[in-house]
Amino acid sequence: MTDSLKNIPQHVSIIMDGNGRWAKERGKERVFGHFEGVESVRAVTEASVELGVRYLSLFAFSEENWNRPGEEVSALMELMMKAMLGEAETFRRNGVRFVVLGNRARLSDTLNATIDALMAETASNDVLTLILFVSYSGKWDILQAARRFAADPDARDEDFANYLVTAGIPDPDLVIRTSGEKRLSNYMLWQTAYSEFVFTDTLWPDFRKDEYLSALREYAGRDRRFGKVK
Ligand code: IPE
Ligand code: IPE
Ligand code: MG
């Protein structure tokens, strides 16, 4: 039950995995799994608003995912664009600020324009910040940050995180990965230094509110020590 949940994380991040396998289990094309995965995005976004999670970040497309067959890449780009085009009104109603982070230079002009429009339209919403990582790689992020950090003579070591694309966003308290894989796959390498991890065998298209609540319950029972003695 929602009301029994304590210790709600400020920032939940999800590595949404298993769409292809979900489709395969049903004898369908992989893209069918991606399509159904959008419904899971809606479900966890809505639940996050309800529960008071302030930041929800989702790994939607990695730098390495560019190496998938062209057909799947195009289908994913189109799907993201369509999903964004339909969401502005729901975001306004729920107070959702939408942000895309990653190597935007690799995205098409039309997708970039759609992203810019939705980010601008939702910029002043402040209930939940929904971050979509697209064309993102943790190593790329650290490298681009290091370059800018090194070029700034006034930069102090403790401010390094301000050069990452996630500047201003608190580090994830909880990272959830679906589909049984237990790896980071080049996701937020710096920012997850002290994150709690929950791995579930559930495939992303089947990950809905109940699964989300059970991950949050697991998190609530964790003892975060940050290297100290309690
Ligand atoms: C996650 O599902 C979505 C992306 C990585 C874009 P996958 O497409 O990786 O699905 P599986 O892991 O092959 O089942
Ligand atoms: C990680 O999933 C990337 C996203 C969820 C966007 P992958 O399916 O690409 O990861 P690997 O290849 O199994 O590590
Ligand atoms: Mg996968």
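All values below come from the heavy atoms of this structure, side chains included, with hydrogens, waters and symmetry mates left out. For ligands, and for the atoms within them, numbers begin at 1 and follow the listed sequence.
- Heavy-atom separations between Lys24 and ligand 1 are all 4.0 Å or longer.
- Here the closest non-hydrogen pair linking Ala167 and Asn162 is CB-O, 3.2 Å.
- Salt-bridge check for Glu181 with Arg177: failed, with every basic side-chain N at 4.0 Å or more from each acidic carboxylate O.
- The aromatic rings of Phe197 and Phe199 lie parallel to each other, with less than 30° between the two planes, well short of the 60° mark.
- With sequence neighbours left out, the ring pair (Phe, Tyr, Trp, His ring centres under 6.0 Å) criterion links Phe59 to Tyr187.
- In summary, Lys209 and Glu46 do not engage in a salt bridge, as defined by a charged side-chain N under 4.0 Å from a carboxylate O.
- Listed as neighbours of ligand 2 are Ile15, Met16, Asp17, Phe59, Ala60, Phe61, Ser62, Asn65, Arg68, Arg177, Arg183, Ser185, each bearing a heavy atom under 4.0 Å from the ligand.
- Closest approach of Pro172 to Ser13, counting heavy atoms only: CB-CB, 4.0 Å.
- Every atom of ligand 1 with a heavy atom of His34 under 4.0 Å away is listed here by number and element: 3 (C), 8 (O).
- In summary, of the residues considered (Thr129, Thr122, Asp126), a side-chain hydrogen bond (donor to acceptor under 3.5 Å, both in side chains) with Arg97 occurs for Thr129 alone.
- Not counting sequence neighbours, the partners of Asp223 by the side-chain contact (heavy atoms from CB on, under 4.5 Å) test are Arg225, Lys230.
- With Trp66 as the aromatic partner, Arg68 does not meet the cation-pi criteria of under 6.0 angstrom to the ring centre and within 45 degrees of the ring axis.
- With waters neither drawn nor counted, the protein N/O/S atoms under 2.8 Å from the Mg ion (ligand 3) amount to 1.
- In this structure a side-chain-to-backbone donor-acceptor pair under 3.5 Å is missing from Arg21 to Leu203.
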